[in-house]
Protein chains: 2
Amino acid sequence: MKDIAAAAGVSRGTVNRVLNGGYVSPEARTAIEAAIAEVGYVPNTAARNLKRRRSEAVGFLALEPHAVLLEDPNIGAIMLGANAVLSLAGYQMVSLVIDSDRDTERVARYLSGGFVDGAIIVSARAYDPITRLIAQIAMPAVFIGHPPDLDNAIPFVGIDNVGSAREITSRLIATGRHRIGMIACALNRDSGGDRLDGYRQALGDRFDPALVAEVPHYDYLGGVNGMRELLEREPGIDGVFAASDAVAAGAMQVLREAGRDVPGDVGVVGFDDSAWAARTQPPLSTVHQPAREIGRHAAELVHRQIGGQTDVPRSVLLPSPVVWRNSA
Amino acid sequence: MKDIAAAAGVSRGTVNRVLNGGYVSPEARTAIEAAIAEVGYVPNTAARNLKRRRSEAVGFLALEPHAVLLEDPNIGAIMLGANAVLSLAGYQMVSLVIDSDRDTERVARYLSGGFVDGAIIVSARAYDPITRLIAQIAMPAVFIGHPPDLDNAIPFVGIDNVGSAREITSRLIATGRHRIGMIACALNRDSGGDRLDGYRQALGDRFDPALVAEVPHYDYLGGVNGMRELLEREPGIDGVFAASDAVAAGAMQVLREAGRDVPGDVGVVGFDDSAWAARTQPPLSTVHQPAREIGRHAAELVHRQIGGQTDVPRSVLLPSPVVWRNSA
DNA sequence: TTGTAGGCGTTATCAA
DNA sequence: TTGATAACGCCTACAA
């Protein structure tokens with residue numbers, strides 16, 4: 001900057017004014033702009049951050065084991081939604097992969113080092129060190145999904161998993177199914193537990209633990225294994241609520257191999273309304289998860305916190321309607 | 001830092017020495033460490049960067065339209081591979097979504113602002129402004145996939161798309177197929193063009209343009225449309241090389257609906273060896289793309305450049321063997 | 001082994 | 001409208 005001040009024959013203060021707005025005479029301005037173009041000058045952000053005490057960047061943290069991260073059909077859409085909003089607000093979204101303890105530590109340093117002004121956190125587990133750090137340094141942040149900790153200092157954006165699960169299970173009942181099972185996943189995460197709760201609520205007295213197969217992940221393989229288990233335990237099963245579309249796809253594959261017609265013999269419903277849902281044969285009835293919107297709202301919430309607003313909602317619950325197709 | 005120097009009753013110089021190594025007396029050290037723990041002090045990275053002129057971070061840039069990004073089965077694995085290496089070297093990988101012109105501009109500022117010491121670039125298009133910027137400011141960088149520009153200042157990591165496509169097509173020929181079509185995608189990208197070239201080379205004189213269906217993206221829908229087109233143009237088709245596994249999955253769905261048996265009536269092969277390949281019925285013969293390794297090598301290449309090494313290879317080509325399953 | 005002091009490139013304040 | 005100047009928090013000589 002010194003260089004271009006010299007080149008334009010003005011002081012650094014004036015250069016700064018054309019950069020960041022202020023009173024500058026036309027002659028000075030053109031001279032400076034010419035010099036900037038000449039040298040290809042770009043302000044040093046480290047210096048700027050040091051002075052301004054902010055980075056104009058927001059971190060997007062996915063605290064997932066990586067296999068899960070890659071399978072998740074929603075996370076990409078959430079990122080894009082968040083990026084759209086942040087981008088418009090002039091913020092750089094930087095997403096950080098946390099894939100080991102070493103990562104955790106480094107990310108912690110990164111966050112407290114002033115590289116970002118805020119954070120969007122996807123599927124934090126309870127007592128995660130990163131989560132605690134963020135709360136401790138009072139960094140503007142938002143969770144996607146339920147907050148994992150009891151203290152609700154950090155707002156969250158999500159959907160009503162319980163309600164939607166209850167609703168889609170109810171409609172399975174309404175279509176005359178009698179032995180309705182569930183393939184439940186990821187019970188250590190809020191979404192997993194909530195969907196199981198919804199299923200249970202819908203069934204009420206007719207709930208039968210023998211009809212619930214538990215599998216670790218929301219993936220195709222989980223659907224395959226879960227369905228096999230269910231079929232073995234209850235050959236007369238005529239309805240299945242799979243905790244995600246990928247799981248439902250795996251389940252349908254097993255049903256096909258077992259010679260059961262969907263939806264004739266067995267009704268199947270999923271969750272997410274992801275690309276899977278359109279690809280299954282027949283297309284899947286499922287719960288629409290507004291991933292893009294979730295990302296948008298999350299970004300807005302951090303942005304408002306960064307801006308110092310105090311009237312930020314503690315939580316935002318987005319509608320997640322059932323999409324009725326042909327699998328049930 | 002001033003604070004903790006005061007708290008520990010020493011000078012800032014001494015504090016710095018316990019932070020970054022140097023001669024410090026045991027008493028001073030313990031006092032300082034206590035003070036650090038007390039306050040929860042973390043060094044300000046902006047200031048440190050300003051002084052050291054580096055950030056210990058590497059950018060991961062995917063210059064893709066977002067829809068493509070979400071569909072790509074490899075990009076996640078590449079990121080994880082890169083992150084593993086960078087993490088070990090103490091670098092923070094930050095991935096930046098580029099989803100609009102506004103994004104491009106902001107990312108450019110971000111890069112030249114000293115937020116990262118190097119960059120890994122996925123599927124840059126020719127004449128991309130970001131690419132040019134990186135070359136211009138001589139930032140350590142590496143491309144994943146062919147370099148889009150003629151000047152080869154920036155090394156790249158990839159696979160031999162032409163060779164692998166040729167090989168898998170050849171084996172389709174060797175199994176006795178006579179009318180072998182291809183569903184080609186993304187011809188505006190190097191991988192797309194190269195795979196078509198390999199197919200053409202394998203067929204030699206028997207190459208027939210009427211047997212090539214072009215679709216825009218490497219996705220399931222592309223496979224569906226491409227296969228329909230091919231079937232219409234040449235009902236006697238008995239072999240198909242799909243430019244990716246997702247495309248192959250779409251094609252197989254159409255073949256199934258048309259009553260053609262795979263591999264009995266039509267042999268189908270894909271490319272990527274992604275999760276799709278195991279899910280299709282029958283499992284897909286395909287080309288294994290070592291995505292994780294690609295990420296690893298890319299990270300190593302930038303890291304070595306950042307370290308000032310000059311003997312960095314201009315390119316790394318990883319093996320991409322054919323995986324023979326049951327679809328052909 | 002420790003303290004002091006100057007500067008990294010910006011921004012912000014204050015006079016002029 | 002402009003220029004000088006003092007921070008921002010850290011690192012690194014150099015002196016003690």
Side-chain angles (χ1 to χ4, degrees), chain A residues 1-36 38-57 90 92 109-117 137 139, chain B residues 1-36 38-57 90 92 106 108-117 137 139:
Chain A
M1 171 145 148
K2 241 194 333 228
D3 316 359
I4 82 125
V10 297
S11 79
R12 301 181 305 174
T14 309
V15 174
N16 191 303
R17 260 159 248 144
V18 357
L19 254 33
N20 297 306
Y23 300 119
V24 180
S25 69
E27 310 87 62
R29 163 160 273 126
T30 50
I32 290 171
E33 275 166 353
I36 287 178
E38 173 82 26
V39 189
Y41 164 82
V42 206
N44 176 316
T45 323
R48 168 177 286 170
N49 288 351
L50 178 57
K51 188 63 187 167
R52 289 194 179 162
R53 302 158 154 287
R54 58 200 170 128
S55 62
E56 316 269 88
Q92 177 63 51
R109 276 205 306 281
Y110 190 85
L111 294 176
S112 36
F115 274 101
V116 295
D117 298 336
I137 63 180
M139 168 175 285
Chain B
M1 172 144 147
K2 242 195 331 229
D3 315 358
I4 81 126
V10 297
S11 79
R12 302 180 305 173
T14 308
V15 174
N16 191 309
R17 264 165 293 228
V18 359
L19 254 33
N20 298 305
Y23 299 121
V24 180
S25 70
E27 310 86 61
R29 161 159 276 126
T30 50
I32 290 170
E33 276 167 353
I36 286 179
E38 172 82 27
V39 189
Y41 165 81
V42 207
N44 177 315
T45 322
R48 169 177 284 169
N49 289 350
L50 178 57
K51 187 64 186 166
R52 290 195 178 162
R53 299 157 160 288
R54 61 204 167 115
S55 62
E56 317 268 281
Q92 177 63 51
R106 199 165 21 63
R109 276 204 308 279
Y110 190 85
L111 293 177
S112 37
F115 274 100
V116 295
D117 299 336
I137 63 180
M139 168 175 284

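Throughout, protein chains are lettered first and strands after them, A, B, ... in sequence-line order, and every chain is numbered starting at 1.
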Is [X] near enough to [N] that one of its side-chain N or O atoms lies under 4.0 angstrom from OP1 or OP2?
X       : N      : result
B/Thr14 : C/dG3  : yes
A/Thr45 : C/dT10 : no
B/Arg29 : C/dT1  : no
B/Arg48 : D/dC11 : yes
B/Asn44 : D/dC8  : no
A/Tyr23 : D/dG3  : no
B/Asn16 : D/dT12 : no

Rounded off to whole Å, could you give me the [atom1]-to-[atom2] distance for the [X] and [N] pair?
X       : N      : atom1 : atom2 : value
B/Ile36 : D/dG9  : CD1   : P     : 16 Å
B/Leu50 : C/dG7  : CG    : P     : 14 Å
B/Leu19 : D/dC10 : CG    : C1'   : 10 Å
A/Ile4  : C/dT11 : CD1   : P     : 11 Å
B/Lys51 : C/dT10 : NZ    : P     : 15 Å
A/Arg17 : C/dT13 : CZ    : C1'   : 10 Å
A/Arg12 : C/dT11 : CZ    : P     : 11 Å
A/Lys2  : D/dA4  : NZ    : P     : 14 Å

Toward the 5' end of DNA chain C, which comes first, B/Glu27 or A/Tyr41, by nearest nucleotide?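 Going by which nucleotide is closer to the 5' end, it is B/Glu27.
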Specify the residue among B/Arg53 and B/Val10 whose closest nucleotide of DNA chain C lies further upstream toward the 5′ end.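 That would be B/Val10.
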Could you check whether the rings of B/Tyr110 and B/Phe115 sit parallel, tilted or perpendicular, using 30° and 60° as the cut-offs?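 The rings of B/Tyr110 and B/Phe115 lie parallel, inter-plane angle below 30°.
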Proximity to the side chain of [X] - top-ranked nucleotide from [options]:
X       : options              : result
B/Ser11 : D/dT1, C/dG3, C/dG6  : C/dG3
A/Val24 : C/dT10, D/dT2, C/dA5 : D/dT2
B/Asn20 : D/dG9, C/dT2, D/dC11 : D/dC11

Taking all non-hydrogen atoms of both residues into account, name the closest pair between A/Arg29 and A/Val24 and its distance.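 Looking at all heavy atoms of both residues, the closest pair is N-CG1, 3.7 Å.
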Which heavy atom of A/Ala7 sits nearest a heavy atom of A/Ala35, and at what distance?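 Nearest pair, atom of A/Ala7 first, then A/Ala35: CB-CB, 4.1 Å.
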Applying a 4.0 Å non-hydrogen cut-off, can you work out what [X] is touching in the nucleic acid: base, sugar-phosphate, or nothing?
X       : value
A/Asn49 : nothing
B/Arg52 : sugar-phosphate
A/Met1  : base
A/Ala28 : sugar-phosphate

Check step by step if side chain to side chain contact (heavy atoms under 4.5 Å, CB included) holds for A/Arg12 and A/Lys2. CA-CA 6 Å; A/Arg12 301 181 305 174; A/Lys2 241 194 333 228; 3.8 Å; yes
Minimum side-chain heavy-atom gap B/Tyr41-B/Ile32 below 4.5 Å: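 SC-SC contact between B/Tyr41 and B/Ile32 ruled out.
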CD (B/Glu38) with more than 12 external heavy atoms under 6.0 Å: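 No, not enclosed.
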